[in-house]
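Structure record follows, encoded as structure tokens.
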2 protein chains.
Amino acid sequence: MKIPDISISACGYSQVLEIISNKWAGSVIYALEDGTLRYGEVKNRIEDISQKMLTQTLKQLERDGLVRREVKPSVPPIVEYSLTDLGETLIPCMRMLKGWALNHYSSVNKAREEYDRTN
Amino acid sequence: MKIPDISISACGYSQVLEIISNKWAGSVIYALEDGTLRYGEVKNRIEDISQKMLTQTLKQLERDGLVRREVKPSVPPIVEYSLTDLGETLIPCMRMLKGWALNHYSSVNKAREEYDRTN
DNA sequence: CGGAATCCCTACGGATACTG
DNA sequence: CAGTATCCGTAGGGATTCCG
């Protein structure tokens, strides 16, 4: 009996992670959850993000079709970001992840302390 | 009116990611979903994983209390891995992520092609 | 069989300075 | 205001070799 290779079934999983696993993507999606924000507003809502990483993350999310970028031609420039319909579909997943964390993260921390004490 | 800082509310999210966002953790959890496996069996089920990363991932998951490691004292050694109860609680989240990927990843790919063509 | 140890390369990401 | 550009340290992770 051959043991099945699960790489393929796990593959969908790694594709999502490719999108949301970077350090800031989640925070950006959360920030845009309530509606449209200007660049600076996004930055203000995410305390420790650097300007470089915010720009880079927004660009990646735009490329993935999750975030929409609109430039109002004016001086000084106004650039607004919002979730696309596709981006909205990700919200339930992220809520579930966050829910898991809130419910179980203390267990994880206890396990870590225990592990670090005995190893 | 002050714009709220969402760092704290996104924090739970980043905690889960800390656990499952590394390249192989998801695949390992999927591999153990059906029950107990020996080290080599896990390795066989995950096609392209290196020995180093499998060991490292298993150790991390064990430290987080998601995976249980049992050594049968014998020669040659037998080491078995399985999900803990805490580990099992993560399965629904991962199924949901995978479901999202299966439903929407083609849209992401289309968005990327479109983006790359016009930029 | 189930690792540990080492080497090495790359990508991620922070800090800083500059621009239309 | 909303970015670009550059420098640079660190961590992730592959390949290889060795060990109980």
Side-chain angles (χ1 to χ4, degrees), chain A residues 3 7 10-11 13-15 17-29 31-32 36-64 67-82 112 115 119, chain B residues 3 7 10-11 13-29 31-32 36-64 67-82 115 119:
Chain A
I3 297 172
S7 307
C11 151
Y13 175 74
S14 63
Q15 289 174 329
L17 285 185
E18 188 186 334
I19 297 175
I20 60 165
S21 80
N22 87 62
K23 193 173 178 184
W24 300 107
S27 299
V28 169
I29 293 176
L32 294 175
T36 300
L37 293 179
R38 295 181 59 177
Y39 181 90
E41 292 173 328
V42 180
K43 186 153 177 11
N44 286 334
R45 297 195 72 182
I46 308 175
E47 182 147 33
D48 288 326
I49 196 170
S50 69
Q51 179 270 323
K52 172 184 173 180
M53 292 319 296
L54 177 55
T55 300
Q56 183 176 305
T57 303
L58 283 167
K59 200 174 288 181
Q60 177 216 306
L61 291 173
E62 188 196 357
R63 176 170 182 263
D64 289 342
V67 160
R68 178 173 30 245
R69 176 177 189 269
E70 286 166 301
V71 184
K72 317 255 178 183
S74 61
V75 181
I78 293 181
V79 183
E80 293 184 334
Y81 293 92
S82 55
R112 283 181 183 170
Y115 183 94
N119 288 286
Chain B
I3 297 171
S7 307
C11 153
Y13 175 73
S14 63
Q15 289 174 330
V16 209
L17 285 184
E18 189 186 332
I19 297 175
I20 60 164
S21 79
N22 87 62
K23 193 173 179 184
W24 300 108
S27 298
V28 169
I29 293 177
L32 293 175
T36 301
L37 292 178
R38 294 181 59 176
Y39 182 89
E41 293 173 329
V42 179
K43 187 154 178 10
N44 285 334
R45 296 195 72 181
I46 308 175
E47 182 147 33
D48 288 326
I49 196 169
S50 67
Q51 176 268 319
K52 173 184 172 179
M53 292 319 296
L54 177 55
T55 300
Q56 183 176 306
T57 303
L58 283 168
K59 199 175 288 180
Q60 178 216 306
L61 291 173
E62 189 196 356
R63 175 169 183 264
D64 289 342
V67 161
R68 180 173 29 247
R69 177 177 188 268
E70 286 167 301
V71 184
K72 317 255 178 184
S74 62
V75 181
I78 293 179
V79 183
E80 293 185 334
Y81 293 91
S82 54
Y115 183 95
N119 287 286

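Note that the structure is a prediction, hence the values are computed from the model and not measured. So that the names make sense, note that chain A is the first sequence line, chain B the second, and so on, each numbered from 1.
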Exercise. On DNA chain C, check which nucleotide each of A:Pro77 and A:Asp48 is closest to and give me the residue with the more 5' one.
Key: A:Asp48
Quiz item: Rounded to the Å, how far apart are A:Leu37 CG and D:dA2 P?
Solution: 11 Å
Quiz item: So, is B:Lys23 close to the D:dG14 phosphate, meaning a side-chain N or O under 4.0 Å from OP1 or OP2?
Solution: yes
Quiz item: Does D:dG3 have OP1 or OP2 sitting under 4.0 Å from an N or O in the side chain of A:Arg69?
Solution: yes
Quiz item: So, does A:Ser7 use its side chain to make a donor-acceptor pair with the main chain of B:Glu47 at under 3.5 Å?
Solution: yes
Quiz prompt | Nearest-angstrom distance from the residue atom CG of B:Leu17 to P of C:dC12 | solution = 15 Å
Quiz item: Taking OP1 and OP2 of D:dT4, is either one under 4.0 Å from a side-chain nitrogen or oxygen of A:Lys59?
Solution: yes
Quiz item: Whole Å only: how far is the CD atom of B:Gln56 from the P atom of C:dG2?
Solution: 19 Å
Quiz item: B:Glu70 versus B:Val79: any side-chain heavy-atom pair under 4.5 Å?
Solution: no
Exercise. Check if the side chain of B:Gln51 and the base of C:dA4 share a donor-acceptor pair of N or O atoms closer than 3.5 Å.
Key: yes
Quiz item: Is there side-chain contact between B:Trp24 and B:Gln60, with at least one heavy-atom pair below 4.5 Å?
Solution: no
Self-check item: Beyond-backbone contact of B:Tyr39 with B:Leu58, side-chain heavy atoms, under 4.5 angstrom
Solution: yes
Quiz item: Within the pair A:Tyr81 and D:dC1, is there a side-chain N or O less than 4.0 Å away from OP1 or OP2?
Solution: no
Quiz item: A:Trp24 has an atom CH2; how far is it from atom C1' of C:dC12, in whole Å?
Solution: 12 Å
Quiz item: Heavy-atom distance under 4.5 Å between the side chains of A:Val67 and A:Arg69, does that happen here?
Solution: no
Self-check item: Separation of atom CG in B:Leu54 from atom P in C:dG2, rounded to whole Å
Solution: 10 Å
Practice problem: Measure the distance from CD on A:Glu18 to P on C:dA11 and round it to the nearest whole Å. | Solution: 14 Å
Self-check item: Rounded distance in Å - CE (A:Met53) to P (C:dC12)
Solution: 8 Å
Quiz item: Can you tell me if the side-chain N/O atoms of B:Arg38 get under 4.0 Å from OP1 or OP2 in C:dG2?
Solution: yes
Quiz item: Any side-chain N or O of A:Ser50 less than 4.0 Å from the OP1 or OP2 oxygen of C:dG14?
Solution: yes
Quiz item: Between the side-chain atoms of A:Lys52 and the base atoms of C:dG13, is any donor-acceptor pair under 3.5 Å?
Solution: yes
Quiz item: NZ of B:Lys72 versus P of C:dG2: gap in Å, rounded?
Solution: 12 Å
